[in-house]
Each structure stands twice: as structure tokens, then as C-alpha cells.
Novice: 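Got a structure for you, questions after.
Start at 1 with the first residue, then count along the sequence.
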Amino acid sequence: MTPNDTDNPRSPQTVAPLNRPQPIVESHDLFRGHNEILISHDGTIYRMKITRQGKLILNK
């Protein structure tokens with residue numbers, strides 16, 4: 001197979017979209033004045049916390 005072949009051996013799910021910027025969410029919009037939030041993802045609850053040093057920690 002040459003680089004110019006149109007057949008792609010990878011499935012469409014593994015190909016990343018081109019020229020699509022990732023969305024940016026400001027932390028203050030998520031936390032809204034709190035220093036800890038809970039995030040539900042795929043049936044599991046995660047805790048995201050802002051530390052005293054201003055860093056983010058995500059725990060399951």
C-alpha cells in the first residue's frame with residue numbers, strides 16, 4: 001500500500017477529526033465558587049478538587 005492509496009486500514013472510529021479545536025472550559029465555570037465538584041461519567045462518580053496550590057486533582 002502506498003501513501004496515496006484511498007483505502008484506509010484503520011476503522012473510522014480511530015481516525016481523529018482534522019482541524020477541529022478542542023473545546024476549552026474555564027474551571028471557574030465548572031466550580032462556580034466551590035473548590036470541589038462531583039462529575040458523573042459512564043455511571044461512575046469522580047471528585048475534582050482545587051488544591052491549596054491551585055492545582056486540580058481528579059479522584060475516583
Novice: Roughly how far, to the nearest 0.5 Å, is the CD1 atom of I57 from the NZ atom of K49?
Specialist: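 One finds 7.0 Å between NZ of K49 and CD1 of I57.
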Novice: Can you tell me how far apart CZ (R47) and CD (E36) are? Round to the nearest 0.5 Å.
Specialist: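 Answer rounded to 0.5 Å: 4.5 Å.
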Novice: Please lay out, stage by stage, how Y46 and N59 fare under the test side-chain contact (heavy atoms from CB on, under 4.5 Å).
Specialist: CA-CA 6 Å; Y46 294 84; N59 291 318; over 6 Å; no
Novice: What about V25 and M48, same hydrophobic cluster or not, with Ile/Leu/Val/Met/Phe/Trp/Tyr joined at side-chain heavy-atom distances under 4.5 Å?
Specialist: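 In one cluster with V25: M48, yes.
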Novice: How far does OG of S27 sit from CD1 of I37, to the nearest 0.5 angstrom?
Specialist: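 Answer for the OG-CD1 pair, S27 versus I37, is 9.0 Å.
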Novice: Enter the distance from L56:CG to L30:CG here, rounded to the nearest 0.5 Å.
Specialist: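 So the CG of L56 and the CG of L30 are separated by 9.0 Å.
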Novice: Between H34 and I50, what is the shortest heavy-atom contact and its length?
Specialist: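 Shortest heavy-atom separation between H34 and I50 comes out as O-CD1, 4.2 Å.
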Novice: From I39 CD1 over to K60 NZ, what is the distance, rounded to the nearest 0.5 angstrom?
Specialist: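 Separation between the atoms: 14.0 Å.
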Novice: For H28, look at atom NE2 and say whether over 12 heavy atoms of other residues, nucleotides or ligands are found less than 6.0 Å away.
Specialist: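 Check passes, neighbour count above 12.
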